[in-house]
Amino acid sequence: MREYEYVSAIAREGTLSGAAVQLGISQPALTRFLQKEEGELGTALFQRIDNRMVLTYAGECYLEHIKQIFAIQAHMRAALDDITRMDRGRLRVGITGIRRPFTIFSVIPQFKKKYPSIDLTLNEFASDKLEEMLEGLELDCIAVNVTKKRDCFEYLPVAREEYVLAVHKDHPLVQAAERSDRFKYPVVRPGQLEGCSFVMLGKAHRIRQFADSILDGNRIGHSISMQSRTLDGALEAVANDLGCTFTPEIMLSYIRGARNIRCLSLDTPGTGYEFSLLYRKGAYLPPSTQDFLEMFRSAFRSQRENEAVYE
């Protein structure tokens, strides 16, 4: 633990003096530690560049392997705790904003009824941030839309969905859309979006990146009527006829004014994605976490089967 804390602090602070202050030890003591550690390893962990301590390739490898050792230790301790105290524990779940109502209303009450002593924390962030936290073992599992898989995660598919266009029920595209056996919703082509007004999310959102790929990729002239920080805010704007927006398939029962919204499929490649539960590859999953994952999948599928269809 000490070796990891000391080397991490030097890498983070960039100077021995700054790291020593952060660690609460003297700079000479930290210098002696680093010299001893590098001497025992037979290689330099840091190089001086513009008066800053920068990790060498060996230093990066050193820290990465110590992280793996800590992950193994955490796995062991979690397993032992699970054996000795089955009625206690914690579960740190990450979700995107649009999935929060489903998780709170449909999954968490069921889980807390079965595991009242489990300390459950719900963390709401954008997908990229959730994946970063899961990789750093700050979360135990996350529920996100997956377009590209990573080797460090295990994936439990929940549903195959698509990005769709959400429009007000009186929008001209509702009448222009055509039915097709290949699509779940009435279909429009990208070219039919020419001149439409859109409610957009910020550029950091994956949905906005998808929207830009459709509109800019097809050189579609359009206007932005307003921007929203959240997808539910954008959809409520659509329900009030303030423009269209791109969205993942969602359970519209959680959106105010949902009966005013119609979903349209896009006749273009790349609209499909997999909604999945992710956990860190190699991480220990206690029975309570495994139960949560299964409860989530089961509740989601049941709700989709009973979901109202707004025509």
Side-chain angles (χ1 to χ4, degrees), residues 91-115 118 120-135 137-164 166 183-185 201 205-207 209-210 230-232 235 246-255 258 261 263 265-266 270-310:
L91 176 58
R92 301 165 299 176
V93 179
I95 59 168
T96 54
I98 199 61
R99 308 289 181 177
R100 181 191 66 246
F102 163 76
T103 309
I104 291 176
F105 299 143
S106 300
V107 185
I108 291 180
Q110 180 183 358
F111 179 82
K112 291 300 292 183
K113 183 177 181 180
K114 185 172 182 179
Y115 297 99
I118 297 293
L120 189 149
T121 306
L122 199 62
N123 301 267
E124 181 185 336
F125 293 102
S127 298
D128 289 346
K129 176 64 174 178
L130 291 176
E131 290 190 6
E132 177 186 327
M133 294 176 71
L134 182 62
E135 184 177 9
L137 299 175
E138 298 175 62
L139 298 174
D140 300 305
C141 62
I142 63 175
V144 294
N145 298 336
V146 177
T147 54
K148 183 178 180 181
K149 293 187 176 181
R150 299 172 57 189
D151 291 339
C152 58
F153 299 138
E154 297 285 358
Y155 294 82
L156 295 176
V158 178
R160 183 70 183 174
E161 299 179 337
E162 63 175 304
Y163 287 113
V164 296
F183 296 92
K184 181 176 180 180
Y185 302 100
L201 299 179
H205 287 268
R206 288 184 181 178
I207 298 168
Q209 294 161 13
F210 171 79
T230 64
L231 181 55
D232 51 349
L235 289 167
F246 293 98
T247 177
E249 285 189 81
I250 59 168
M251 288 160 287
L252 290 177
S253 55
Y254 292 124
I255 302 299
I261 298 176
C263 289
S265 292
L266 296 166
T271 61
Y273 62 89
E274 199 170 72
F275 175 46
S276 298
L277 291 163
L278 282 61
Y279 60 91
R280 192 72 158 82
K281 185 172 288 186
Y284 172 71
L285 295 183
S288 57
T289 301
Q290 296 178 39
D291 263 5
F292 177 86
L293 296 174
E294 188 51 43
M295 288 176 188
F296 192 106
R297 298 172 80 191
S298 179
F300 188 89
R301 290 167 180 172
S302 295
Q303 183 146 348
R304 288 299 294 268
E305 291 173 0
N306 299 323
E307 184 178 339
V309 178
Y310 299 101

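Keep in mind the model is a prediction, meaning the values are calculated, not measured. Atom set for the values below is all heavy atoms of this structure, side chains included, hydrogens, waters and symmetry mates excluded.
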Are Y284 and T289 close enough that some pair of their side-chain heavy atoms sits under 4.5 Å apart?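 No, their side chains stay 4.5 Å or more apart.
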
Quick one, C152 and L134 - any side-chain contact, counting heavy atoms below 4.5 Å?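 They are not in side-chain contact.
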
Begin with the C-alpha distance, continue with both residues' side-chain angles, and end with the deciding distance and a verdict on side-chain contact (heavy atoms from CB on, under 4.5 Å) for L293 and Y279. CA-CA 10 Å; L293 296 174; Y279 60 91; 4.2 Å; yes

Please name the pair of heavy atoms, one in [X] and one in [Y], separated by the smallest distance, quoted to 0.1 Å.
X    : Y    : value
V158 : R297 : CG2-CG, 4.0 Å
A159 : F300 : CB-CE2, 3.6 Å
T103 : P109 : O-CD, 4.4 Å
A126 : T96  : C-CG2, 4.5 Å
R280 : L137 : CG-CD2, 3.7 Å
I108 : L122 : CD1-CD2, 4.1 Å

Could you walk me through whether K184 and E162 satisfy the salt bridge (charged side-chain N to carboxylate O under 4.0 Å, His left out) test, starting with their C-alpha distance in whole Å, then the side-chain angles of each, then the deciding distance to 0.1 Å, before giving a yes or no? CA-CA 9 Å; K184 181 176 180 180; E162 63 175 304; over 6 Å; no

Pairing of D128 and R206 as salt bridge, 4.0 angstrom limit: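 Answer for the salt bridge query: yes.
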
Test side-chain contact (heavy atoms from CB on, under 4.5 Å) on R99 and I142 and set out the steps. CA-CA 11 Å; R99 308 289 181 177; I142 63 175; over 6 Å; no

Nearest 0.5 angstrom please: F111 CZ to E294 CD, how far?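 The CZ atom of F111 sits 13.5 Å away from the CD atom of E294.
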
Residue list, side-chain hydrogen bond (donor to acceptor under 3.5 Å, both in side chains) with N123, at least two apart or on another chain: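 Checked N123 against side-chain hydrogen bond (donor to acceptor under 3.5 Å, both in side chains); zero matches.
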
Mind telling me whether Y273 and Y163 have parallel, tilted or perpendicular rings, with 30° and 60° as the class edges?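 Judged by the thresholds at 30° and 60°, the geometry between Y163 and Y273 is tilted.
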
Under 30°, 30 to 60°, or over 60°: which ring-plane class applies to F296 and F292, parallel, tilted or perpendicular?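 Rings of F296 and F292: tilted, as their planes differ by 30° to 60°.
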
Once salt bridge (charged side-chain N to carboxylate O under 4.0 Å, His left out) is applied, do any residues pair with K114, and if so which ones, sequence neighbours excluded?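 Salt bridge (charged side-chain N to carboxylate O under 4.0 Å, His left out) check on K114 returns D291.
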
